[in-house]
Amino acid sequence: VFIPPDSTDCLPGYVQLPNLTCIICEAGPYQRENSCIPCQQGTYSNTTGSSSIIDCIACPSGTYSSYQGSTNCSICQGECYQGSIVSNPQ
């Protein structure tokens, strides 16, 4: 948490609260405009302060993520492909 010197802008990967304090986007989402947006299903981000959707990494073959804002991918219990989404993981 920090207050920007000119009280108008935050660094990339941060969002500004109404009191002008900037907070970092946690791992899982990325910063877009003044919001932390969760990475899509089938992708993940394990880095805090992500500032672009390109920071959301597709799960590699043999892994999946079922939830938006995932910070990692899980190993498939069968066949799945890069960027897979499993609706009912076992």
Side-chain angles (χ1 to χ4, degrees):
V1 175
F2 76 96
I3 299 176
D6 62 4
S7 296
T8 58
D9 292 318
C10 296
L11 295 173
Y14 287 75
V15 296
Q16 192 170 59
L17 301 176
N19 66 2
L20 302 181
T21 300
C22 295
I23 59 168
I24 195 166
C25 289
E26 297 296 327
Y30 62 95
Q31 179 256 329
R32 183 174 70 200
E33 297 177 5
N34 197 41
S35 298
C36 295
I37 307 295
C39 290
Q40 299 173 353
Q41 291 175 314
T43 67
Y44 74 99
S45 173
N46 59 4
T47 306
T48 59
S50 295
S51 59
S52 171
I53 194 169
I54 63 172
D55 295 323
C56 298
I57 303 164
C59 292
S61 293
T63 66
Y64 69 94
S65 69
S66 296
Y67 306 101
Q68 292 182 351
S70 292
T71 57
N72 59 33
C73 298
S74 300
I75 296 174
C76 294
Q77 298 300 318
E79 193 172 321
C80 63
Y81 304 97
Q82 183 174 13
S84 289
I85 301 167
V86 177
S87 59
N88 189 16
Q90 299 291 319

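All values below come from the heavy atoms of this structure, side chains included, with hydrogens, waters and symmetry mates left out. No experiment lies behind these values; they were computed from the predicted model shown.
Annotation for Y67 and S70: closest pair O-OG, 2.8 Å, computed over non-hydrogen atoms. In terms of heavy-atom proximity, Q41 sits nearest to S66 at NE2-O, 2.6 Å. For A27 against T71, the heavy-atom pair with the smallest separation is O-CG2, 3.5 Å. Residues Q16 and D9 come closest through the heavy atom pair NE2-N, 4.1 Å. Across every non-hydrogen atom of G69 and P38, the tightest pair is N-CB, 3.6 Å. Looking at every heavy atom in both residues, Y44 comes nearest to A58 through CE2-O, 4.2 Å.
Just one residue in the list C39, C36, S45 forms a side-chain contact (heavy atoms from CB on, under 4.5 Å) with P29, and that residue is C36. A side-chain contact (heavy atoms from CB on, under 4.5 Å) with S50 holds for exactly one of I53, I54, T48, T47; it is T47.
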List the steps and the verdict of side chain to side chain contact (heavy atoms under 4.5 Å, CB included) for Y64 and C76. CA-CA 6 Å; Y64 69 94; C76 294; 3.8 Å; yes
Stepwise, does the side chain to side chain contact (heavy atoms under 4.5 Å, CB included) test hold for Q31 with V15? CA-CA 7 Å; Q31 179 256 329; V15 296; 4.0 Å; yes
Show, in sequence, the C-alpha distance, side-chain angles and deciding distance for N72 and N46, and conclude whether the side chain to side chain contact (heavy atoms under 4.5 Å, CB included) test is met. CA-CA 6 Å; N72 59 33; N46 59 4; over 6 Å; no
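One finds the OG atom of S51 at 11.0 Å from the OH atom of Y30 (value rounded to the nearest 0.5 Å). Between the SG atom in C25 and the CD1 atom in I23 there is a gap of 7.5 Å [rounded to 0.5 Å].
The environment of Q40 atom CD is sparse: at most 12 non-hydrogen atoms of other residues, nucleotides or ligands sit within 6.0 angstrom.
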